[in-house]
Amino acid sequence: MLRTNTCGELRITDVDQEVILCGWVQRVRDKGKMIWVDLRDRYGITQLIVEERSSRPEIVKSVKKLGREFVIKTSGKVVERYSKNNKIPTGDIEIKVDSIEILNTSKLPPFLIENETDGGEDLRMRFRYLDLRREPIKQNLFLRNELMKETRKYLESQQFIEIETPILIKSTPEGARDFVVPSRMNQGQFYALPQSPQTFKQLLMVAGFDKYFQLVRCFRDEDLRADRQPEFTQIDCEMAFVEQDDVLNAFEGLIKHIFKSIKGIELNDFPRLSYQEVIARFGSDKPDLRFEMEFIELNEIIKGKGFNVLDNAELVIGICAKGCGRYSRKQTDNLTDFVKKPQIGSAGLAYIKYDEDGTIKSSMDKFYSKSDLLSICKFGNVNPGDLLLILAGNVKKTRFALSELRLEMGSRLELRSKEIFCPLWVVDFPLLDWDEDDQRYTAMHHPFTSPKNEDINMLLESPGKVRANAYDLVINGVELGGGSIRIHKKDLQKKMFKALGISDEEADQQFGFLMEAFEYGAPPHGGIAFGFDRLCAILGGTDSIRDYIAFPKNNSGRDTMINTPAPISIEQLDELSIKIVPK
Ligand code: ASP
């Protein structure tokens with residue numbers, strides 16, 4: 001080894017030891033007679049000291065040559081520091097330098113390699129290996145590693161076996177586009193990268209493995225956001241001979257174990273709420289339960305006073321913002337602007353401000369008398385001091401807009417602390433979703449999800465009403481995982497494809513292998529997959545999953561460090577018989 005110790009381990013008890021350290025020069029402070037160097041490695045920072053008076057001249061000369069991020073090897077004696085730094089674990093000591101060897105020089109880094117950096121996102125991604133030297137990002141990768149270890153530890157203790165499934169496969173429908181890979185040996189034919197190992201894990205159940213998991217990379221070609229990457233990691237799981245509650249119990253155990261071992265937090269049992277219920281109470285299938293502010297349905301109390309906008313609306317709903325009864329005009333205007341943003345899509349916002357002194361002000365004064373407004377407040381449990389915010393219109397759009405407003409108010413009122421974790425299971429999802437654009441049903445989860453037994457007879461007549469044995473795990477408004485009990489019989493699977501408007505031929509061509517497997521003793525089975533990167537972000541307390549991925553892609557799906565995607569040579573294209581025809 002080039003070194004005797006790391007930069008993170010020397011303490012006051014090591015004083016007088018002769019040591020050799022290696023690392024990167026974080027900073028040099030040259031005060032003339034004394035020069036200090038902060039030396040950094042993966043384990044921490046240790047201070048080096050060179051004194052002009054007592055050090056040999058060549059040492060003084062070499063230390064003056066050091067620049068940021070030079071890689072050095074240094075030897076010296078551990079001494080007690082005169083002024084101690086209690087912010088770092090090595091802060092009681094420093095190394096009185098005996099020798100310095102420059103192992104490599106460094107160009108001046110394009111941004112500060114410190115906790116707070118002056119580098120923007122683009123620059124940090126282009127030089128990601130430098131960004132990864134920064135403590136917060138480094139810690140994120142350690143957290144990720146811990147999460148991997150704890151996940152494996154727990155699942156292995158529950159007799160799950162980790163099995164790898166192939167990366168070059170055929171399309172698995174999870175609702176995104178496939179990334180495809182051309183096959184040289186089968187000209188004109190393509191593999192698809194897995195959107196998930198869904199069909200393979202089901203086949204593993206048919207094979208009898210009973211409890212499977214995999215920390216697996218998945219690929220989905222869709223538009224990117226802060227919490228999405230074209231390639232991401234899942235904790236993918238499947239079990240045989242189970243019903244929905246067995247799966248929920250097993251994986252509630254995993255999530256509890258993760259929170260306990262990584263954050264020291266004991267989570268209570270997770271509530272299980274139906275899709276219908278969360279939509280009615282919070283307008284979202286991934287409600288943030290860190291705060292209440294539940295929807296109040298106002299149709300019956302508010303209609304019939306001549307205010308057309310409300311009278312003609314399919315749904316009038318509100319939320320009560322406690323303690324906001326004195327919001328200024330500017331503040332309510334600001335909320336109106338919020339709901340009118342195109343991504344929220346409301347035409348306007350109505351409100352009732354109920355001051356603590358009993359006065360009531362409303363945007364609907366023209367149509368509602370004071371006593372009308374008071375009865376609305378009473379109906380909705382809105383007390384003096386509170387603000388009632390009201391949206392109206394089409395059911396789906398209004399619920400969506402109010403759920404966004406609810407989250408916004410939760411943030412404004414600081415009710416969404418990153419230190420509080422409120423998990424829940426959302427169950428009983430609809431099996432199918434009506435796609436307005438394509439005028440057809442699509443699978444809400446995926447086509448292998450089993451309808452509830454009692455709803456199967458509606459599958460072909462009223463598909464929209466069928467509920468699925470499907471569930472999501474939601475924490476703090478983030479969908480962290482989802483799964484279902486699967487169809488394990490060929491006939492039902494065929495019926496499902498039919499409900500999705502997929503012809504027998506197409507179904508056979510795409511998924512014949514799965515339906516064939518169902519004919520060879522497929523056991524009842526079900527499973528779930530968790531978004532591993534999102535789980536890291538939740539545990540780490542930030543919104544962007546990119547911070548937990550060593551080499552992520554940017555919003556256009558590019559890796560700017562290795563500069564890809566990139567063109568390939570004519571020879572390669574020829575070999576694949578691919579011709580690029582410009583659009
Ligand atoms: N394959 C599903 C997904 O990736 C999860 C599951 O149903 O187990 O979302």
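Residue numbers count from 1 along this sequence. All ligand and atom numbering here is 1-based and tracks the order in the structure.
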Trainee: Starting from atom 5 (C) of ligand 1, which protein heavy atom do you reach first, and at what distance in Å?
Mentor: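 Its nearest protein heavy-atom neighbour is G482 O, 3.4 Å.
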Trainee: Judged on heavy-atom distance to atom 4 (O) of ligand 1, which of E238, Q202, R220, R486 sits nearest?
Mentor: R220
Trainee: Pairing donors with acceptors under 3.5 angstrom, does anything connect the side chains of Q234 and S196?
Mentor: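 No.
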Trainee: Counting both backbone and side chain atoms, is some N or O of K201 under 3.5 Å from an N or O of ligand 1?
Mentor: yes
Trainee: In sequence, state the C-alpha distance, the side-chain angles, and the governing distance for L193 and D178, and then conclude on side-chain contact (heavy atoms from CB on, under 4.5 Å).
Mentor: CA-CA 7 Å; L193 302 183; D178 290 320; over 6 Å; no
Trainee: H445 heavy atoms, cut-off 4.0 Å: which ligand 1 atoms fall inside?
Mentor: 6 (C), 7 (O)
Trainee: Can you find a heavy atom in the side chain of E277 that is under 4.5 Å from one in the side chain of R281?
Mentor: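 SC-SC contact between E277 and R281 confirmed.
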Trainee: If we only count N/O pairs under 3.5 Å, is Q198 in contact with ligand 1?
Mentor: yes
Trainee: Quick check on contacts: which atoms of ligand 1 are under 4.0 angstrom from a heavy atom of A529?
Mentor: 5 (C), 8 (O)
Trainee: With heavy-atom distances below 4.0 Å as the criterion, list the atoms of ligand 1 near S196.
Mentor: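 Per the distance check, 1 (N), 4 (O).
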Trainee: What atoms of ligand 1 come closer than 4.0 angstrom to any heavy atom of G483?
Mentor: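 Those qualifying, in numeric order: 6 (C), 7 (O).
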Trainee: Using a distance-only test with no angle check, is there a side-chain donor-acceptor pair under 3.5 angstrom linking R416 and S411?
Mentor: yes
Trainee: Heavy-atom contacts with Q234 under 4.0 Å: which atoms of ligand 1 show up? List them by number with element.
Mentor: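 Ligand 1 atoms under the 4.0 Å threshold to Q234: 3 (C), 4 (O).
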Trainee: Indicate, as side chain, backbone, both or neither, the part of Q195 found under 4.0 angstrom from ligand 1 when only non-hydrogen atoms are considered.
Mentor: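 Within the 4.0 Å criterion, Q195 makes no contact with ligand 1.
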Trainee: Got a salt bridge between E252 and R272, using NZ or NE/NH1/NH2 to carboxylate O under 4.0 Å?
Mentor: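 Looking at E252 and R272, the cut-off is met.
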Trainee: Between F213 and R152, is there a cation-pi geometry (under 6.0 Å to ring centre, at most 45° from the normal)?
Mentor: no
Trainee: Considering only non-hydrogen protein atoms, determine which one is nearest to atom 3 (C) of ligand 1 and report residue, atom name and distance to 0.1 Å.
Mentor: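 Among all protein heavy atoms, the one nearest atom 3 (C) of ligand 1 is E174 OE1, 3.4 Å.
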Trainee: Do V426 and Y275 have side chains that get closer than 4.5 Å, going by heavy atoms?
Mentor: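 Yes. Closest side-chain heavy atoms under 4.5 Å.
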Trainee: Please could you name the atoms of ligand 1 that I528 approaches to less than 4.0 Å, counting only its heavy atoms?
Mentor: 8 (O)
Trainee: Does the pair D131 and R124 meet the rule for a salt bridge (charged side-chain N to carboxylate O under 4.0 Å, His left out), with working shown?
Mentor: CA-CA 6 Å; D131 196 32; R124 287 175 43 215; 3.0 Å; yes
